[in-house]
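The structure presented is a predicted model; accordingly, all values stated were derived computationally and were not measured.
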Amino acid sequence: MAKLKTRNEIRFILNGEDIALTTVAPEETLLDWLRLNRSLRGTKEGCAEGDCGACTVLVGRLSAGRLVYESVNACIRFLGSLDGTHVVTVEHLRGDGEKLHPVQQAMVDFHGSQCGFCTPGFVMSLYALWMRSPEPSDAAIEKALQGNLCRCTGYDAIVRAARAISSYGKAAKDPLAAERKAITAKLAAMKDDSRVEIGSGKQRLIVPANADDLASVLDKEPGATIVAGSTDVGLWVTKHMRDISPVIFIGNLDGLCTISENKGVISIGAGVTYSDAFSILAKRIPTLGPLFDRIGGEQVRNMGTIGGNIANGSPIGDTPPPLIALGAQLTLRRGKKRRTIPLEDFFIAYGKQDRQPGEFVEAVHVSVPAKGKKFAVYKITKRRDEDITAALGAFYLTLAKDGTVADVRIAYGGMAATPKRAFGVEKALLGKPWTEATVETAMAEYAKDFTPLTDMRASAEYRALAAKNLLLRFFVETTGTKAPFQVSRYEAA
């Protein structure tokens, strides 16, 4: 077996310049490095938590040999995670000759900027959209801008600018498009199957060569902080000033970034982002599509991973409740040993998961609902888009031919210290006719299953009432009763 190569520098491309850094602090963000070390101040700091989008840049990475550019939040993206990527800031945009870039010119002509602070972030988000979809629909524009906030201009002018970009130039002739082949070759050359190690003592960062190397590193560094998309860990640094050293970066790691389906079971590697998972999950389990569209903004979905959402163990994580309702299994790995457990058993208590020292989440496996199964997910937030969950309910129902409940799984987030099933409610429904009377009787069991807390997102009383009403909503939708609200359900075809 060939000896593993190591190097003490991260390599990436910044706009048109090759970068090699041997001194990188584990907690150093891309935003700070751009502004303080490179004087690229078009990238702004607004919120420092991945909400406002003022810091948006593009990061190009190789995915299955193809170069993909995605908008990301530089404020919570760690510099150490950029090995083998192409970072593009607003300063790199250019038009023909002395002209502005088409995205910039459209923003000027349609008055899409007022104070201008948020404008570079909007430009970069629209740039990413324009490159993959030169004639986007209004829905696509709104989705691309979910993670960009503007306090003064309003969004109508920005949307009008987005519609008009292609009238100022052709995406196929954009410099990034023209340079794609050359950049792809450069990034492929950077991928030398080496482990990156920078720093000494506790102040170290490590980028494993692949999933097998990750297992080896964790065996020696079981207390290290594992960072995939940094959409949570980034805030540990920028908001809580936590020491996260030493750090192991696993984003875009070979062996963790695959998603596949075999005999109706979808296996999702721990490094698969929400954006990468969207197409297959939205097609095979359609209810998950609208849910994923409400997880953060597009920048967060391009960075955050399903495996990280699970491993973090937050009681308000969006993916565990629906995956638990679907009976998902979780594969954990330590060294060469693997074990697979029901996902619901992974969550033990607040901040405590069934993960041993040196063990990491490798993949989650979820079955596609069979014909006749009814599955729905409802997310409660103060605003519809880019907001953290107050309560989330997931329901999976099998009805017998006589209309009685043959099987039911109900899981909630935001109702307990961990994502949790409503076992008492399920028991009250099982074997009973699927009627409003049965549902109303089962509602009494919620008080035994959950004791929600009051916090800034919702009161305990509101959560308790909302949980009951979500079950009632599920009943209304699955029985075909006309509801006075927009439905979001899935019945397998």
Side-chain angles (χ1 to χ4, degrees), residues 263-266 281 284-291 319-330 341-345 347 364-380 391-416 418-452 463-493:
K263 296 181 180 179
V265 177
I266 300 173
L281 290 180
R284 299 294 285 133
I285 312 177
T287 291
L288 294 181
L291 174 65
T319 60
L323 294 177
I324 289 171
L326 290 166
Q329 300 284 305
L330 190 67
I341 61 173
L343 175 59
E344 62 190 284
D345 292 348
F347 306 103
V364 61
H365 316 277
V366 57
S367 296
V368 176
K371 185 178 181 180
K373 307 286 187 179
K374 302 178 188 298
F375 175 52
V377 183
Y378 309 110
K379 174 173 174 169
I380 304 296
L392 185 147
F395 305 83
Y396 190 44
L397 174 70
T398 303
L399 293 177
K401 290 182 179 180
D402 63 358
T404 58
V405 177
D407 188 30
V408 63
R409 294 173 62 92
I410 301 172
Y412 280 89
M415 293 290 291
T418 65
K420 186 175 179 290
R421 281 177 64 183
F423 287 108
V425 177
E426 292 175 2
K427 185 177 180 181
L429 294 170
L430 199 60
K432 304 294 194 306
W434 186 235
T435 64
E436 186 172 351
T438 298
V439 169
E440 289 182 351
T441 299
M443 285 181 179
E445 300 301 313
Y446 274 101
K448 301 175 185 177
D449 283 331
F450 300 108
T451 307
R463 285 187 164 106
L465 180 60
K468 294 178 182 179
N469 285 338
L470 292 184
L471 175 61
L472 182 59
R473 175 176 177 172
F474 181 59
F475 166 76
V476 168
E477 294 181 3
T478 55
T479 54
T481 304
K482 187 175 181 180
F485 39 69
Q486 182 179 358
V487 301
S488 176
R489 70 181 176 88
Y490 168 57
E491 182 175 343

Set of side-chain contact (heavy atoms from CB on, under 4.5 Å) partners for [X], sequence neighbours left out:
X: Thr398; result: Lys373, Ala406, Asp407
X: Thr404; result: Ala400, Asp402
X: Ala464; result: Pro452

Would you give the length of the straight line joining atom [atom1] of [X] to atom [atom2] of [Y], rounded to the nearest 0.5 angstrom?
X: Ile324; Y: Leu343; atom1: CD1; atom2: CG; answer: 4.5 Å
X: Ile285; Y: Leu291; atom1: CD1; atom2: CG; answer: 11.5 Å
X: Arg463; Y: Lys468; atom1: CZ; atom2: NZ; answer: 15.5 Å
X: Tyr446; Y: Leu465; atom1: OH; atom2: CG; answer: 11.0 Å
X: Lys263; Y: Ser367; atom1: NZ; atom2: OG; answer: 12.5 Å
X: Leu397; Y: Arg409; atom1: CG; atom2: CZ; answer: 13.0 Å

Is there side-chain contact between [X] and [Y], with heavy atoms separated by less than 4.5 Å?
X: Glu436; Y: Thr479; result: no
X: Pro322; Y: Leu392; result: yes
X: Phe395; Y: Leu471; result: yes

Smallest heavy-atom separation, Ala467 atom then Met415 atom, equals CB-CE, 3.6 Å
All heavy atoms of Phe474 vs all of Lys374, minimum pair found to be CZ-O, 3.9 Å
Applied to residues 437-450, the salt bridge (Lys or Arg N to Asp or Glu O under 4.0 Å) test, sequence neighbours excluded, yields Glu445-Lys448
Got a list of side-chain donor-acceptor pairs under 3.5 Å for residues 425-435, not counting sequence neighbours?
residue, atom, partner, partner atom, Å
Glu426, OE1, Arg421, NH2, 2.6
Glu426, OE2, Ile410, N, 2.7
Glu426, OE2, Arg421, NE, 3.1
Glu426, OE2, Arg421, NH2, 3.4
Trp434, NE1, Thr478, OG1, 2.9
Thr435, OG1, Thr438, N, 3.2
Thr435, OG1, Thr438, OG1, 3.1

Passes side-chain contact (heavy atoms from CB on, under 4.5 Å), Ile380 versus Leu470? Steps please. CA-CA 10 Å; Ile380 304 296; Leu470 292 184; 4.1 Å; yes
Sorted by chain and residue number, the side chain to side chain donor-acceptor pair (under 3.5 Å) partners of Thr441 (sequence neighbours excluded) come out as none
side-chain contact (heavy atoms from CB on, under 4.5 Å) between Leu288 and Phe375, intermediate numbers included: CA-CA 10 Å; Leu288 294 181; Phe375 175 52; 4.3 Å; yes
Checklist line | Residues forming a ring pair (Phe, Tyr, Trp, His ring centres under 6.0 Å) with Phe450, sequence neighbours excluded | finding: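 Phe450 satisfies ring pair (Phe, Tyr, Trp, His ring centres under 6.0 Å) with Tyr412 once adjacent residues are dropped.
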